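Reviewing the structure listed below.
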Amino acid sequence: MNTDERYLHLLSTTYPTVADAAGEVINLEAILNLPKGTEHFLADLHGEHEAFIHILKNASGNIKRKVAEIFGTTIRESEKKELCTLIYYPEQKLELIKAQEEDIDDWYHITIHQLVRVCRDVSSKYTRSKVRKSLPPEFSYIIEELLHERSDDQDKAAYVAVIVDTIITTGRADDFIVAICNVIQRLAIDQLHILGDIYDRGPGAHIILDTLRQYHSWDIQWGNHDMLWMGAAAGNDACICNVLRLSLRYANLATLEEGYGINLVPLATFALETYADDPCEEFMPKLLRDDGRMDEKTMQLTAKMHKAITVMQLKAEAAIFHRRPEWGMEDRCLLEHIDFDRQVCNIGGKEYEMKSCRFPTISDSSLPSPHYSLTPEESALMKKLHHSFRVSEKLRKHISTILSHGCMYNICNQNLLFHASVPLNDDGTLKDVEIMGKKYQGRALMEYVGRLVRSAFQGDTPEDLKSYAKDYFLYLWCGKDSPLFDKSKMATFERYFLTDRETYHEEKGNYFRLRDSQEVCDHILDAFGVKGQTRHIINGHVPVHAGAGENPIKAGGRLMVIDGGFSEAYHKETGIAGYTLVYHSRGFQLVQHEPFTSTQDAILRGTDIKSTTQIVEMSTHRMLVADTDKGEELRRQIDELKDLLYAYRHGMIKEKRN
C-alpha cells in the first residue's frame with residue numbers, strides 16, 4: 001500500500017464502504033476505455049466574433065462531417081445543410097422554417113428524430129453521467145430516454161413515438177429542438193484551446209469573451225494583444241495608448257465604446273484642438289469592411305485622434321524605457337532624435353527623411369524632458385483615459401476571466417501550447433532572459449512571466465514589484481526577448497513617420513528562423529518535459545501565407561502553426577481566413593477556412609464557412625481516455641481506491657456503514 005494513511009482516511013469519507021470504493025474503481029476503469037474527447041484549437045481571433053462563434057457552433061466542420069456520415073445518401077444534400085444550420089442557429093432557423101413550412105408537425109417529427117440521431121452520435125464517447133450533466137434540466141429526462149432507446153426496437157417503438165408526439169402536442173417542440181441543438185454543440189467539442197490574441201483589429205473581442213465565459217471547458221495561452229489589454233486594465237499608460245492607437249488604426253471603436261464604455265470624447269476634443277490644421281494623412285484609418293460606415297468628416301476626426309494618441313504612446317513608452325534601462329530599449333526613444341529644422345531623424349548614426357514634422361506637443365522647451373514628457377493638456381487627457389480603463393467593470397471581468405483560464409503556456413495530451421515563441425540562441429539552445437536581475441529560460445521563463453503578470457493584479461503585491469510588473473506589460477508587447485514578440489524591434493515610429501521602407505523591417509527572433517528544425521523542436525519539448533512519440537508544439541502569432549504555398553506543418557510534423565489569418569486585416573496577405581485544429585480519437589485534422597460571410601447569410605441561405613480538411617496525423621489505434629492526461633490522473637485515482645479497498649479488507653480502516 002503506497003497511499004498516505006491520512007489521505008486514505010480522507011478518501012474514506014467520500015467512499016465509506018467497500019462497495020462504494022469498488023463501484024468507483026469499476027466506473028473509472030470503464031471510463032479509461034472510452035474514446036478520447038475531441039479537442040479544438042483556435043488562435044489569433046482578433047475580434048472576429050462572427051467567424052469565431054460560427055466555428056464554435058460548427059466545431060470546425062465536425063458537426064457537418066458527422067451529419068454526412070450518419071445520413072449518407074438517405075437524405076438530400078440540401079436537407080443536410082438545413083439540418084446543420086438548424087443545429088448551429090436553432091432559434092433563428094426555427095422562425096424561418098415555421099414561416100415557410102406547410103405541415104409543421106410532420107417537420108417536427110422528422111427533425112426531432114434526426115437531431116436525436118446526431119446527438120446520440122456525438123454523445124457516444126462520453127459516460128452517461130457526463131452526458132447527463134450537459135443536458136438542460138427541463139429536458140434532461142426526455143433527451144436521456146431518447147438517446148438510449150431506439151425507434152427501430154419494436155418493443156420500444158411506441159414508447160419513443162409517444163415521447164416525440166407529446167413534445168409536439170404540448171407545444172414544446174421549439175424549446176426541445178433548441179435544447180437538443182445546444183447539447184449537440186456542447187458535446188461535439190470536449191475541450192477548447194485558444195492560443196492567444198482575442199483582442200484588436202476586429203470589432204467583437206468583448207463578444208468573444210462574453211461567449212467564452214459561458215463555454216463549458218476552455219483555456220487560453222496569452223497572446224501579445226491580450227497582454228496589451230491586460231496591461232491597459234492594470235493601469236499601464238503606454239499600453240492604454242497602444243490599445244487606443246490600434247483601435248483607431250482599424251476604425252474599430254465598438255470594443256472600446258460599446259464593449260467597455262471607454263469615453264473617447266476627451267481624446268476627440270484634444271485631437272481637434274491640437275491637430276486642427278494637420279491633415280494627418282499617414283494616420284487615416286484602415287477600413288477593413290467596405291460598408292460605407294465612415295464619412296469624410298469622421299475619417300478626419302479619427303485620423304487626428306489616431307495621431308494624438310500615437311504621439312502620447314511614444315512619449316509614454318520612452319518614459320518607461322528610460323526608467324528601465326536594463327531592458328536595452330532606450331534606442332526606441334526616437335522622438336528625441338528628430339531634427340525639426342531639417343525634417344530628418346537620426347537612427348544609428350544615419351539620417352532618414354521624415355514624412356512630416358508636425359509635432360506641436362514636443363516642441364515645448366519649458367518641459368523637463370520635452371521629447372517624452374506629456375504636456376499639461378496631454379497629462380490631463382491621460383488621467384481621464386487611465387480612469388476610464390480602470391473603472392470599466394466589464395473590462396475588469398474579462399481580464400479576470402483571461403487570468404483565471406490562462407497562462408503563458410499549457411501542456412495537454414503530449415502537446416505544448418503557446419502563442420508565439422520560446423526565445424532561443426543562434427544555435428537553437430534556450431536563451432537566458434533577464435528579469436529583475438535574474439535569468440530565466442524556457443519553461444522557467446514562461447512560468448515566471450506568468451507569475452509576474454498576475455502580481456500586477458494582486459492587492460498584496462509589494463509596491464516595487466507591482467510597479468515593475470505593470471511596466472513589464474510593455475516589454476511583453478514589444479521587447480526583443482519577449483516570448484510574445486521575439487523580434488528586433490516594433491517599428492511603430494518608422495512606419496508612421498519615415499519615408500524609407502527599409503526601416504520598417506522587424507527581424508524575427510531565432511525561434512522563427514529555426515522552428516522548421518525537428519531537432520530544435522524536440523529540444524524545446526524536452527525542456528518543457530513533454531514526453532511521448534506523438535508530441536507536438538502548437539502555436540499561432542505569425543500568419544501562415546497559405547496563398548504563397550507556406551505549409552503550416554513544420555519540423556517534420558513536430559510543429560503546427562494555426563494562425564492563418566482569422567482577422568480580415570490578414571486575408572489578402574494569407575489568402576485564407578484562418579486555420580483551426582481538431583484533435584479527436586483518431587488523430588489530428590487541420591482545417592483551413594475561407595472568409596466567413598455573415599451570421600445572417602448562414603441563417604437565411606445556409607452558407608457555412610468553406611473549409612478544407614487536411615489529415616495531419618492519424619493514430620495507429622483509436623485513442624482512448626487511457627492515452628490522455630486525464631487517463632493518467634484516473635489511473636492514480638484507481639490506485640488510491642485500490643489502496644483504500646486493501647485498508648478496508650485488512651481492518652486498517654473501518655467501513656462507515658449507516
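Worth knowing before you read on, the calculation uses all heavy atoms, side chains too, and leaves out hydrogens, waters and symmetry mates. Please read these numbers as outputs of a predicted model, since none were measured by experiment.
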Gap between atom [atom2] of [Y] and atom [atom1] of [X] - 0.5 Å precision:
| X | Y | atom1 | atom2 | answer |
| --- | --- | --- | --- | --- |
| Thr211 | Ile53 | OG1 | CD1 | 4.0 Å |
| Thr401 | Arg213 | OG1 | CZ | 4.0 Å |
| Tyr448 | Ile435 | OH | CD1 | 6.5 Å |
| His306 | Leu267 | NE2 | CG | 11.0 Å |
| Leu474 | Asp237 | CG | CG | 11.0 Å |
| Leu374 | Met382 | CG | CE | 8.0 Å |

**Study point:** Partner of Leu56 under side chain to side chain contact (heavy atoms under 4.5 Å, CB included), chosen from Leu192, Ile208, Thr580
**Key:**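 Of the listed options, the one satisfying the test is Leu192.
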**Study point:** Positive for side chain to side chain contact (heavy atoms under 4.5 Å, CB included) with Val520, one of Thr429, Leu514, Leu525
**Key:**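 Of Thr429, Leu514, Leu525, side chain to side chain contact (heavy atoms under 4.5 Å, CB included) with Val520 is met by Leu514 alone.
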Check the surroundings of atom [atom1] in [X]: do more than 12 heavy atoms from other residues, nucleotides or ligands lie under 6.0 Å from it?
| X | atom1 | value |
| --- | --- | --- |
| Lys355 | NZ | yes |
| Lys480 | NZ | no |
| His322 | NE2 | yes |
| Glu519 | CD | no |
| Glu353 | CD | no |
| Glu393 | CD | no |
| Asp277 | CG | no |
| Lys466 | NZ | yes |

Using only heavy-atom distances, determine whether the side chains of [X] and [Y] contain a donor-acceptor pair under 3.5 Å.
| X | Y | result |
| --- | --- | --- |
| Asp197 | His541 | no |
| Asn539 | Gln221 | no |
| Arg358 | Tyr275 | no |
| Glu282 | Ser356 | yes |
| Asp295 | Thr298 | yes |
| His193 | Asp219 | yes |

Do the rings of [X] and [Y] sit parallel, tilted or perpendicular, given the 30° and 60° boundaries?
| X | Y | value |
| --- | --- | --- |
| His225 | Trp477 | perpendicular |
| Phe528 | Tyr409 | perpendicular |
| Trp218 | His405 | parallel |

Practice item. Evaluate the criterion side chain to side chain contact (heavy atoms under 4.5 Å, CB included) for residue pair Phe270 and Glu378; output intermediate values, then yes/no. Key: CA-CA 8 Å; Phe270 171 81; Glu378 286 176 320; 3.5 Å; yes
Identify the two heavy atoms, one from [X] and one from [Y], that lie closest to each other, and give their separation to 0.1 Å.
| X | Y | answer |
| --- | --- | --- |
| Ile309 | Cys241 | CG1-O, 3.8 Å |
| His523 | Gly428 | CD2-O, 3.7 Å |
| His386 | Ile240 | CA-CD1, 3.8 Å |
| Pro285 | Thr302 | CG-CG2, 3.9 Å |
| Ser455 | Leu465 | OG-CG, 4.2 Å |
| Tyr475 | Asp481 | OH-N, 3.1 Å |

Exercise for review: Tell me, with the steps shown, if Leu335 and Tyr372 meet side chain to side chain contact (heavy atoms under 4.5 Å, CB included).
Suggested key: CA-CA 8 Å; Leu335 289 176; Tyr372 58 91; 5.7 Å; no
For the rings on [X] and [Y], is their centre-to-centre separation under 6.0 Å?
| X | Y | value |
| --- | --- | --- |
| His398 | His206 | no |
| His337 | Tyr352 | no |
| Phe283 | Phe497 | yes |

Exercise for review: For side chain to side chain contact (heavy atoms under 4.5 Å, CB included), just list the numbers for Leu395 and Trp229, CA-CA rounded to whole Å, side-chain angles, deciding distance to a tenth of an Å, and then say yes or no.
Suggested key: CA-CA 9 Å; Leu395 178 59; Trp229 281 77; 3.9 Å; yes
Are the side chains of [Y] and [X] in contact, using a 4.5 Å heavy-atom criterion?
| X | Y | value |
| --- | --- | --- |
| Tyr468 | Arg324 | yes |
| Arg201 | Asn252 | no |
| Ile347 | Leu498 | yes |
| Met230 | Leu403 | yes |
| Phe52 | Ile194 | yes |
| Val422 | Lys431 | no |
| Val530 | Ile537 | no |
| Thr310 | Leu248 | no |

Would the distance check show the side chain of [X] and the main-chain N or O of [Y] forming a donor-acceptor pair, the cut-off being under 3.5 Å?
| X | Y | value |
| --- | --- | --- |
| Trp222 | Ile402 | yes |
| Glu326 | Met436 | no |
| Lys286 | Tyr250 | no |
| Asn425 | Asp427 | no |
| His536 | Arg558 | no |
| Lys304 | Asp278 | yes |
| Ser482 | Cys478 | no |

Exercise for review: Using the six-membered ring of Phe359, assess whether NZ or CZ of Lys307 lies under 6.0 Å from its centre and within 45 degrees of the ring axis.
Suggested key: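 Yes, Lys307 lies over the aromatic ring of Phe359.
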Check your understanding: How far apart are the C-alpha atoms of Asn510 and Asp426, what are their side-chain angles, what is the distance that settles it, and do they pass the side chain to side chain donor-acceptor pair (under 3.5 Å) test?
Key -> CA-CA 6 Å; Asn510 288 320; Asp426 292 345; 3.0 Å; yes
Exercise for review: Give a yes or no on whether a salt bridge exists between Glu494 and Arg332, defined as a side-chain N under 4.0 angstrom from a carboxylate O.
Suggested key: yes
Review point. Any Lys/Arg nitrogen of Lys394 or Asp210 sitting under 4.0 Å from an Asp/Glu carboxylate oxygen of the other?
Key: yes
Practice item. Report the C-alpha separation of Asn236 and Tyr472 in whole Å, then their side-chain angles, then the decisive distance to 0.1 Å, and conclude whether the side chain to side chain contact (heavy atoms under 4.5 Å, CB included) test is met. Key: CA-CA 9 Å; Asn236 182 311; Tyr472 203 70; over 6 Å; no
